[in-house]
Amino acid sequence: MHHHPSRRSVLTAAAAAAGSAAMATAAPASAAGSALSSADRRRIRAIIQRMSLAEKVGQLFVMRIYGASATDPDPADVAANQSEIGVANAAELLATYHVGGIIYFAWAHNTQNPHQIADLSNGIQRAALSHGTPVPLLISTDQEQGAVARIGAPATLFGGGMALGADGSPADARTAARVIGTELAAMGVNQNYSPVSDVNINPGNPVIGVRSFGADPSAVAALAAAQVKGYQGAGIASTAKHFPGHGDTGTDSHFSLPIITHSLEQWQAVDAPPFRAAIAAGIDSIMTAHILVPALDDSGDPATLSHPILTGVLREQLGYDGVVVTDALDMAGVREKYGDDRVPVLALKAGVDQLLNPPLLGVAYQGVMDAVASGELTEERIAVSLERILALKFRKGLFRDPYVTHAGVDRHVGTRAHLATADRITERGITLLANDAEALPLPRRSHRDLLVVGADPAAPSGTGGPPTGVLAKALTDLGRSAQALSTGTAPAQAVIDQAVAAAAGKDAVIVCTYNVTAAAPAQIALVTALTATSVPVVTVAIRNPYDIAWLPPVAASLATYGWTDVSMRAAARVIAGKAAPGGRLPVAVPRADDPATALYPIGYGLDYGSRA
């Protein structure tokens with residue numbers, strides 16, 4: 001792991017000097033590790049001594065597996081497992097590769113309902129403990145909320161990061177994470193790849209956006225730390241992502257390799273604070289980003305494979321000694337330069353502990369085995385990561401008892417109290433950006449007959465939606481009569497004409513807009529056509545809050561930062577006057593004609609005042 005004294009090490013030294021002032025706040029970094037007794041440490045070393053090399057290498061991998069059951073998945077899932085991994089099911093995956101973790105996805109059919117998820121988790125743990133050196137599994141998923149959620153209703157769903165950013169309350173962020181963590185734990189999911197700790201300062205970011213808490217580093221840091229405490233207070237592992245910061249990119253690392261052009265000073269000021277705060281809060285794990293950050297490493301390697309970034313900056317400068325997990329290794333951003341057999345080896349050499357979801361597990365696994373055989377990786381290096389992984393499993397109580405019960409699911413998942421908490425917290429993030437002539441809340445007596453039109457993106461968890469239908473039903477449930485007409489993200493002229501015709505005689509029309517830009521003029525045309533009628537128009541930006549800059553003036557405009565059912569119901573309560581719009585913009589909305597100038601600054605948001 002020698003690197004040449006190039007611009008990289010000089011930068012790292014400069015970064016260390018710059019960071020030493022902030023290091024005081026990172027003192028509890030090792031707190032994550034120090035919670036273990038010396039007896040537990042001895043037990044961990046004893047377990048590692050008993051393990052074969054094949055078992056040790058397997059523990060470093062976190063893998064997907066198709067199926068709703070660990071031993072008896074549907075034939076189509078068996079076929080998918082055979083073709084992609086060479087095993088039939090989760091039990092066979094564990095017997096063959098001894099992987100240390102499994103990640104759940106909805107598309108892999110892992111997350112159909114809470115009782116099934118609990119049974120799958122138990123089946124996976126039983127298989128892990130039934131052969132070889134028994135080690136329980138970290139079972140992880142991306143239950144961020146909002147745009148990214150793998151488990152749908154009846155589990156409790158919140159708005160995503162930016163919705164919490166608009167609410168602005170660390171207490172609410174912590175409560176949301178505690179609710180989500182409690183429900184995940186009850187289903188046997190003991191690690192959440194959340195919170196997103198990226199500072200989204202680029203309105204054009206195609207991959208982070210509303211998944212981020214916002215654009216203000218100190219606000220993002222406070223909310224990230226609060227969520228770490230919420231998740232870990234619920235007994236599950238939390239993961240800050242995507243280090244060293246994926247917030248200022250115009251490309252998506254799933255499809256290419258983004259470049260972050262921040263200077264070292266910008267990185268320290270913008271990207272580092274949330275990760276420092278998460279470390280200070282005792283974060284269990286940190287996920288790497290497949291991005292180039294030349295100011296931290298000018299070698300042309302993505303952060304996931306960068307020794308200067310993961311060891312130099314994260315371990316040495318920020319003082320982090322917890323588990324480092326890669327972002328998914330099947331993403332294009334990490335596969336451009338090296339083969340699938342080399343990527344895991346280079347990641348380990350960079351300072352990674354867990355290798356997430358390689359495209360071909362056999363190739364990746366053999367790559368690590370070969371590197372140990374050739375001496376490129378030592379067994380001692382493998383043991384360092386193993387100790388971190390096993391320490392995390394000890395701290396989460398998995399060696400004590402990794403199993404869950406149906407009674408626990410019924411007691412904790414989707415309870416009335418949890419659902420009410422989600423409703424309250426979500427409505428506090430709904431942001432009122434324009435309300436000319438105080439059109440909102442819609443007066444109850446004069447505005448009973450409503451039309452809801454607009455975009456209907458699919459719900460990420462595969463449950464609920466479409467947003468226009470959910471909004472119309474929620475308004476109807478609140479005593480209005482609302483009709484839904486889905487017009488899509490790119491309505492043709494005939495569809496616009498249909499919406500205008502449907503608006504005739506209505507008391508108001510509500511338009512759900514979705515990521516409006518000049519590149520997608522059809523939504524602008526729809527709103528423009530509706531404003532030409534005599535019917536008041538209310539726009540609701542259901543993903544990015546930047547839409548208002550591209551649209552003509554309307555009677556009122558809201559931002560929800562998400563389009564899942566919980567956000568649409570909250571918007572309905574705000575429109576109907578059952579709830580106040582409590583949100584404040586966590587990002588600036590740039591002007592359409594002059595993106596360097598803010599149309600609305602961070603912190604902007606209107607109230608209903610005495611009319612609420």
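We're numbering straight along the sequence, starting at 1. Hydrogens, waters and symmetry mates play no part in the numbers below; they use all other heavy atoms, side chains included.
No side-chain donor-acceptor contact under 3.5 Å links Ser121 to the backbone of Asp119. Judged by distance alone, the side chain of Thr564 and the main-chain N or O of Gly464 form no donor-acceptor pair under 3.5 Å. In this structure a side-chain-to-backbone donor-acceptor pair under 3.5 Å is missing from Tyr320 to Leu310. Looking at Ser212, its side chain never comes within 3.5 Å of a backbone N or O of Ile208 through a donor-acceptor pair. One N or O on the side chain of Gln125 and one on the backbone of Leu137 form a donor-acceptor pair closer than 3.5 Å. Put simply, the side chain of Arg335 never gets that close to the backbone of Met331: no donor and acceptor are under 3.5 Å apart. When atom types are taken as modelled, the side chain of Ser69 and the backbone of Thr71 share a donor-acceptor pair closer than 3.5 angstrom. Under a 3.5 Å cut-off, the side chain of Asn81 and the backbone N or O of Ala88 do form a donor-acceptor pair. Without hydrogens or angle criteria, Thr326 side chain to Ala328 main chain gives no donor-acceptor distance under 3.5 Å. One N or O on the side chain of Asn515 and one on the backbone of Asn544 form a donor-acceptor pair closer than 3.5 Å.
In the model, Tyr561 has a side-chain atom that pairs as donor or acceptor with a side-chain atom of Thr431 under 3.5 Å. Between the side chains of Asp456 and Thr468, at least one donor-acceptor pair of N or O atoms lies under 3.5 Å. Remark: the Glu183 side chain and the His418 side chain contain an N/O donor-acceptor pair separated by less than 3.5 Å. Using modelled atom types, one finds a donor on one side chain and an acceptor on the other under 3.5 Å when comparing Thr304 with His290. A side-chain donor from one of Tyr514 and Arg543 sits under 3.5 Å from a side-chain acceptor of the other.
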| request: Carefully, step by step, assess Val323 and Asp284 under the rule side chain to side chain contact (heavy atoms under 4.5 Å, CB included). | output: CA-CA 6 Å; Val323 170; Asp284 282 318; over 6 Å; no

| task | Would you check, one step at a time, whether the test side chain to side chain donor-acceptor pair (under 3.5 Å) holds for Lys393 with Gln59? | result | CA-CA 11 Å; Lys393 294 177 178 186; Gln59 274 296 311; 2.8 Å; yes

| field | Step-by-step side chain to side chain contact (heavy atoms under 4.5 Å, CB included) determination, Leu356 to Leu329 | value | CA-CA 6 Å; Leu356 176 60; Leu329 296 181; 5.5 Å; no

| message | Before you tell me yes or no, could you show the steps for Ile65 and Val87 under side chain to side chain contact (heavy atoms under 4.5 Å, CB included), namely the whole-Å CA-CA distance, both residues' side-chain angles and the distance that decides it to 0.1 Å? | response | CA-CA 9 Å; Ile65 191 81; Val87 298; 4.1 Å; yes

| message | Walk me through whether Thr141 and Leu184 qualify under side chain to side chain contact (heavy atoms under 4.5 Å, CB included). | response | CA-CA 9 Å; Thr141 200; Leu184 289 174; 4.3 Å; yes

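By the salt bridge (Lys or Arg N to Asp or Glu O under 4.0 Å) test, Asp477 is found to be paired with Lys473, residues two or more places apart in sequence or in another chain being considered. Every residue two or more places apart in sequence or in another chain that forms a ring pair (Phe, Tyr, Trp, His ring centres under 6.0 Å) with Tyr365 is listed here: Tyr97. By the ring pair (Phe, Tyr, Trp, His ring centres under 6.0 Å) test, Phe399 pairs with Phe394, sequence neighbours left out. Partners of Arg178 under the salt bridge (Lys or Arg N to Asp or Glu O under 4.0 Å) rule, at least two apart in sequence or in another chain, do not exist in this structure. Scanning for ring pair (Phe, Tyr, Trp, His ring centres under 6.0 Å) contacts around Phe61 gives an empty result, with sequence neighbours left out. For the ring pair (Phe, Tyr, Trp, His ring centres under 6.0 Å) test, residues two or more places apart in sequence or in another chain that qualify with His115 are His406. For Glu55, the salt bridge (Lys or Arg N to Asp or Glu O under 4.0 Å) criterion is met by no residue, not counting sequence neighbours. Applying the salt bridge (Lys or Arg N to Asp or Glu O under 4.0 Å) test to Asp40 and every residue at least two apart in sequence or in another chain returns Arg43.
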Enumerate donor-acceptor pairs with a distance under 3.5 Å from any side-chain N or O in residues 238-246 to protein atoms, sequence neighbours excluded.
residue	atom	partner	partner atom	Å
Ser238	OG	Ser194	O	3.0
Thr239	OG1	Gln191	NE2	3.4
Thr239	OG1	Asn192	O	3.1
Thr239	OG1	Ser285	OG	2.8
Lys241	NZ	Asp142	OD1	3.0
Lys241	NZ	Glu144	OE2	2.7
Lys241	NZ	Tyr193	O	2.8
His242	ND1	Asp198	OD2	2.7
His246	NE2	Ser253	OG	2.9

Atom pairs and distances, donor-acceptor, side-chain atoms in residues 160-172, under 3.5 Å, two or more places apart:
residue	atom	partner	partner atom	Å
Ser169	OG	Ala171	N	3.3
Ser169	OG	Asp172	N	2.9
Asp172	OD1	Arg428	NH2	3.1
Asp172	OD2	Arg428	NE	2.8
Asp172	OD2	Arg428	NH2	3.2

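The OG1 atom of Thr249 sits 9.5 Å away from atom CG of Asn200, with the distance rounded to the nearest 0.5 Å. In this structure, Arg64 CZ and Asn357 CG are separated by 4.5 Å, a value rounded to the nearest 0.5 Å. Taking OG1 of Thr405 as the reference point, atom CG of Asn122 lies at 8.5 Å (rounded to 0.5 Å). A distance of 5.0 Å separates OG1 of Thr111 from CD1 of Ile117, quoted to the nearest 0.5 Å. Within the model, atoms OG of Ser567 and CG of Leu157 stand 9.5 Å from one another, a figure rounded to the nearest 0.5 Å. Atom OH in Tyr66 sits 9.5 Å away from atom CG in Asn110 (nearest 0.5 Å).
Annotation: side chain of Asp423 is in contact with side chain of Val566 (closest heavy-atom distance under 4.5 Å). Looking only at side-chain heavy atoms (C-beta outward), Leu346 and Tyr338 come within less than 4.5 Å of each other. Taking the side chain as every heavy atom from C-beta outward, Leu314 and Thr288 never approach each other to under 4.5 Å.
Among residue pairs with one or both ends in residues 351-360, those qualifying as salt bridge (charged side-chain N to carboxylate O under 4.0 Å, His left out) are Arg315-Asp353, Asp353-Arg388; sequence neighbours excluded. For residues 397-418, the set of pairs meeting the salt bridge (charged side-chain N to carboxylate O under 4.0 Å, His left out) definition, not counting sequence neighbours, is empty.
When all heavy atoms of Leu94 and Ala127 are compared, the pair lying nearest together is CD1-CB, 3.8 Å. Closest heavy-atom contact between Val352 and Ser385: O-OG, 3.3 Å. Residues Thr96 and Glu92 come closest through the heavy atom pair OG1-O, 2.7 Å. For the residue pair Asp340 and Val363, the shortest heavy atom distance occurs at C-CG1, 3.9 Å. Looking at every heavy atom in both residues, Trp563 comes nearest to Ala458 through NE1-O, 2.9 Å. When all heavy atoms of Ala118 and Val409 are compared, the closest pair comes out as CB-CG2, 3.8 Å.
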